[in-house]
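Okay, structure first, notes after.
What's counted below: heavy atoms across the whole structure, side chains too, no hydrogens, waters or symmetry copies.
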Amino acid sequence: MGLRSTRILASSGIMLALLAGVVRAADSVEVLHWWTSGSEAAALNALKTDLQKQGVTWKDMAVAGGSGVQAMTALRARVTSGDPPTAVQMLGFDIRDWAEMGVVANLDDLAKKRGWDKVIPSALQDFAKYDGHWIAAPVNIHSTNWLWINKAALDRAGGKPPETFDQLIAMLDNFRSQGIIPLAHGGQPWQDGTLWEAVVLSIGGVNFYKKAILELDPAALSGTTMRKVFDSMTKLKSYLDPGFSGRDWNVSTSLVIDGKAGAQEMGDWAKGEFIRAAKKPGQDFVCIRFPGTQGSVLFNADQFVMFNVGDRQRDAQLKMAAAVEEPSFQIAFNTVKGSVPARTDVPGDQFDDCARKGMKDVAEAAAKGTLLGSLAHGYAQPSGIKGAILDVVTQQLSGQISTNEALKRLPEAIAAAR
Ligand code: GAL
């Protein structure tokens, strides 16, 4: 073989390899998310399998850390280096921040073809759209004002779930006398914030939540009701075990599953862990709205924001967005994850009692104006303000600052973050 034909062969070989690369890239999605617990990973598997069936390869970019704080840091690094992932799990105001930077992709055509406008609740569309354009595919609706109770422990405490904050305290006292950890909690800012926002709603009610958390009214943030909120946090702290600091949320959930702890305040992703451990609602565990917050829902919703990745991954990206909104996927994913569907037209018959209660609560709260964005999960304030509030909450709960200092710092920290 002459030198020329060798060169031709070699270069066509390179061409083939390049083409193969292009084909592979076009059929793959790289997905950044923080779903690393057993139930979270199992739920996500439904999407991986769906896409695999359509010939789309999944490149996993999992960044552990509840509520996605670490994932957002990882995203910043990727976008800064000009190499964003195809799709990113994201919450509320973070979606707006990235959209503002002009780095996200447009999903209008797909949304129009599939009629998303008609089936996605407006509370989610407010964030899934930017400037009137669809930029994200909502996956689910979670809510944070739940209490998960070990049924056997509750039965030993009289069997009646608490309806008020005072009844909650009485139940926790009983759990203590049973020799178990009364309240399972993990001391991390986002978890402290998840507990705190439920206490704010329980102690202050809907209008107070709106004033303090949504409107950031300085008087509400430092007044007598907020004092009662922080005092209630101190009271709740007396029911935590010494090992609470830094504990992951799913480790706390397993303490309740195993009967080592009586209850946990947590979003309904905790239910995913109960289900994964083959526990049944009403039989092994009880799900109730955090006492004093019945009738209101503090919501968060996971969404996949699509990034501008050019033509190379566009087809696969659209396949992923379409798959997420398929009613069959909404059922397969959310029954495992603990959340409820992001679409209003998905029937509830395949969901368990807690999820059915969740669906009903969300619909009723939306109708009467008590569907409120969760602060700890990005649906009440942009991340700077959220972080400033959670810092104060964590410092108070961990005993670094007193209630008096927390009341003084809260409005100050917010003003500085604005
Ligand atoms: C939330 C998210 C849930 C779950 C949870 C714990 O912010 O919406 O899907 O992952 O964090 O990591």
Side-chain angles (χ1 to χ4, degrees), residues 22-33 43-59 84-92 94-96 98-142 299 301-335 337 339-351 359 362-363 366:
V22 170
V23 171
R24 251 202 318 275
D27 286 333
S28 72
V29 285
E30 187 188 11
V31 183
L32 170 56
H33 64 91
L44 192 58
N45 233 3
L47 186 57
K48 289 185 196 172
T49 318
D50 256 20
L51 291 175
Q52 254 152 26
K53 281 190 202 139
Q54 298 185 55
V56 177
T57 317
W58 182 277
K59 198 171 161 214
T86 323
V88 181
Q89 178 194 354
M90 215 182 276
L91 304 171
D94 285 342
I95 303 176
R96 287 193 189 159
W98 286 104
E100 221 161 77
M101 289 167 63
V103 289
V104 301
N106 185 310
L107 298 173
D108 282 348
D109 289 348
L110 176 70
K112 196 160 177 233
K113 221 183 303 156
R114 301 290 175 105
W116 290 3
D117 272 298
K118 288 188 281 291
V119 293
I120 309 281
S122 59
L124 267 52
Q125 287 195 32
D126 285 349
F127 294 92
K129 282 182 182 170
Y130 183 74
D131 220 1
H133 300 291
W134 283 94
I135 51 163
V139 187
N140 60 11
I141 303 177
H142 270 304
F299 81 94
D302 294 299
Q303 312 212 23
F304 277 123
V305 177
M306 300 299 163
F307 275 71
N308 260 331
V309 284
D311 292 344
R312 240 168 17 102
Q313 289 167 34
R314 183 64 177 162
D315 280 355
Q317 184 174 60
L318 290 172
K319 278 182 188 162
M320 176 175 164
V324 165
E325 299 311 332
E326 275 300 316
S328 57
F329 167 77
Q330 288 281 321
I331 294 171
F333 179 91
N334 288 308
T335 47
K337 179 72 167 68
S339 35
V340 304
R343 300 175 59 117
T344 51
D345 60 343
V346 177
D349 50 350
Q350 291 185 55
F351 287 83
M359 288 163 99
V362 167

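Here Met90 contributes atom CE and Ile135 contributes atom CD1; the two are 8.5 Å apart, rounded to the nearest 0.5 Å. To the nearest 0.5 Å, atom CG of residue Leu124 and atom CH2 of residue Trp116 are 12.0 Å apart.
Looking at Val31 and Val88, their side chains never come closer than 4.5 Å, going by heavy atoms from C-beta outward. In this structure the side chain of Met320 reaches within 4.5 angstrom of the side chain of Leu47, judged on heavy atoms. Using a 4.5 Å cut-off on side-chain heavy atoms (C-beta onward), Val309 and Gln317 make contact. Between Asp50 and Trp58 there is no side-chain heavy-atom pair separated by less than 4.5 Å.
Closest non-hydrogen pair, Gly348 versus Met359, comes out as CA-CE, 3.9 Å. Closest non-hydrogen pair, Phe307 versus Pro85, comes out as CB-O, 3.3 Å.
Take Asp126 and apply the side-chain hydrogen bond (donor to acceptor under 3.5 Å, both in side chains) test, not counting sequence neighbours, and it matches no residue. For Phe304, the ring-ring contact (aromatic ring centres under 6.0 Å, His included) partners are Trp35, not counting sequence neighbours. Residues satisfying the salt bridge (Lys or Arg N to Asp or Glu O under 4.0 Å) test with Lys319, not counting sequence neighbours, are none. Evaluation of the side chain to side chain contact (heavy atoms under 4.5 Å, CB included) rule for Thr344 yields Val119, Pro121 as partners, not counting sequence neighbours. Applying the salt bridge (Lys or Arg N to Asp or Glu O under 4.0 Å) test to Lys48 and every residue at least two apart in sequence or in another chain returns Asp60. Every residue meeting the salt bridge (Lys or Arg N to Asp or Glu O under 4.0 Å) condition with Arg343, not counting sequence neighbours, appears here in chain and number order: Asp345. Scanning for ring-ring contact (aromatic ring centres under 6.0 Å, His included) contacts around His33 gives an empty result, with sequence neighbours left out. Annotation: salt bridge (Lys or Arg N to Asp or Glu O under 4.0 Å) contacts of Asp117 (sequence neighbours excluded): Lys129. Shown here are the side chain to side chain contact (heavy atoms under 4.5 Å, CB included) partners of Ala43, two or more places apart in sequence or in another chain: Phe333, Val336, Lys337.
The cationic group of Arg96 lies under 6.0 Å from the six-membered ring centre of Phe127 and within 45° of the ring axis, placing it in a cation-pi geometry.
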Using residues 323-331 as the side-chain source, report each donor-acceptor pair under 3.5 Å to any protein atom, sequence neighbours left out, with the distance given to one decimal.
unit_1	atom_1	unit_2	atom_2	d
Glu326	OE2	Arg114	NH1	3.1
Gln330	OE1	Asn334	ND2	3.3
Gln330	OE1	Ala342	N	2.8
Gln330	NE2	Val139	O	3.2
Gln330	NE2	Val324	O	2.9

